[in-house]
Amino acid sequence: MPPRWPRKPDRRDPAYRRLDDRMNFATHVAIFAAINSGLWFVHILKTTTWAWLPWLTGGWATVLLGHLIYIAAIANYSESTTPDTPPKST
């Protein structure tokens, strides 16, 4: 069952931003696992000579690690200072 948010979702809400970032990360991990496991399965099953496959997996895993470091250590989930209404143009 998908997570339910107890109030109206608002990107300015720090708890909502944190949950949204973690759900995006989980999606990123799922896509990585699905695509890479499929590629490695075919690579091993067909004994292909894909020299690029370890580079793809390693590069993508590095990006995934960067994503994890960002949401765990760098992202600022404090109260947003964005105004409620957009500025009026003159």
Side-chain angles (χ1 to χ4, degrees):
M1 178 167 224
R4 293 189 170 264
W5 196 247
R7 53 194 177 273
K8 183 179 178 189
D10 183 8
R11 191 71 184 148
R12 291 174 300 213
D13 182 3
Y16 178 76
R17 285 196 320 265
R18 177 180 220 125
L19 177 65
D20 188 40
D21 286 350
R22 288 175 186 241
M23 287 173 45
N24 285 336
F25 178 71
T27 302
H28 191 179
V29 169
I31 292 169
F32 170 82
I35 290 175
N36 277 286
S37 65
L39 287 172
W40 280 101
F41 177 77
V42 170
H43 174 70
I44 292 169
L45 186 67
K46 297 285 187 180
T47 61
T48 60
T49 55
W50 292 341
W52 51 268
L53 188 55
W55 288 99
L56 174 77
T57 301
W60 198 347
T62 303
V63 170
L64 198 60
L65 179 64
H67 191 172
L68 175 63
I69 290 170
Y70 174 77
I71 65 167
I74 299 172
N76 181 6
Y77 295 111
S78 61
E79 197 67 40
S80 178
T81 58
T82 309
D84 289 340
T85 57
K88 294 180 181 178
S89 4
T90 55

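Remember, it's a predicted structure, so these values are computed and weren't measured experimentally.
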Return a table of donor-acceptor pairs under 3.5 angstrom between the side chains of residues 58-68 and protein atoms on other chains or two or more places apart.
{"residue": "W60", "atom": "NE1", "partner": "H28", "partner atom": "NE2", "Å": "3.1"}
{"residue": "T62", "atom": "OG1", "partner": "G58", "partner atom": "O", "Å": "2.8"}
{"residue": "H67", "atom": "ND1", "partner": "H28", "partner atom": "ND1", "Å": "2.9"}

Contacts satisfying salt bridge (Lys or Arg N to Asp or Glu O under 4.0 Å) that involve residues 60-73 (not counting sequence neighbours) are none
Across all chains, not counting sequence neighbours, the side-chain contact (heavy atoms from CB on, under 4.5 Å) partners of A15 are W5, R7, D13
Residues pairing under salt bridge (Lys or Arg N to Asp or Glu O under 4.0 Å) where one sits in residues 21-32, two or more places apart or in two chains, turn out to be R11-D21
Under 3.5 Å: donor-acceptor pair, side chain of R18, backbone of I71 | no
- Determine whether F25 and Y16 fall in the same hydrophobic cluster, where Ile, Leu, Val, Met, Phe, Trp and Tyr are linked whenever their side-chain heavy atoms lie under 4.5 Å apart. no
Tightest non-hydrogen contact, residues A34 and S37, listed as O-OG, 3.2 Å
I74 meets the side-chain contact (heavy atoms from CB on, under 4.5 Å) criterion, sequence neighbours left out, with I69, Y70
Please determine whether residues V29 and I35 belong to a single hydrophobic cluster, defined as Ile, Leu, Val, Met, Phe, Trp and Tyr linked transitively by side-chain heavy-atom distances below 4.5 Å. yes
For Y77, the ring-ring contact (aromatic ring centres under 6.0 Å, His included) test, sequence neighbours excluded, returns none
Residues pairing under side chain to side chain donor-acceptor pair (under 3.5 Å) where one sits in residues 44-58, two or more places apart or in two chains, turn out to be N36-T57, W40-T57, H43-T48
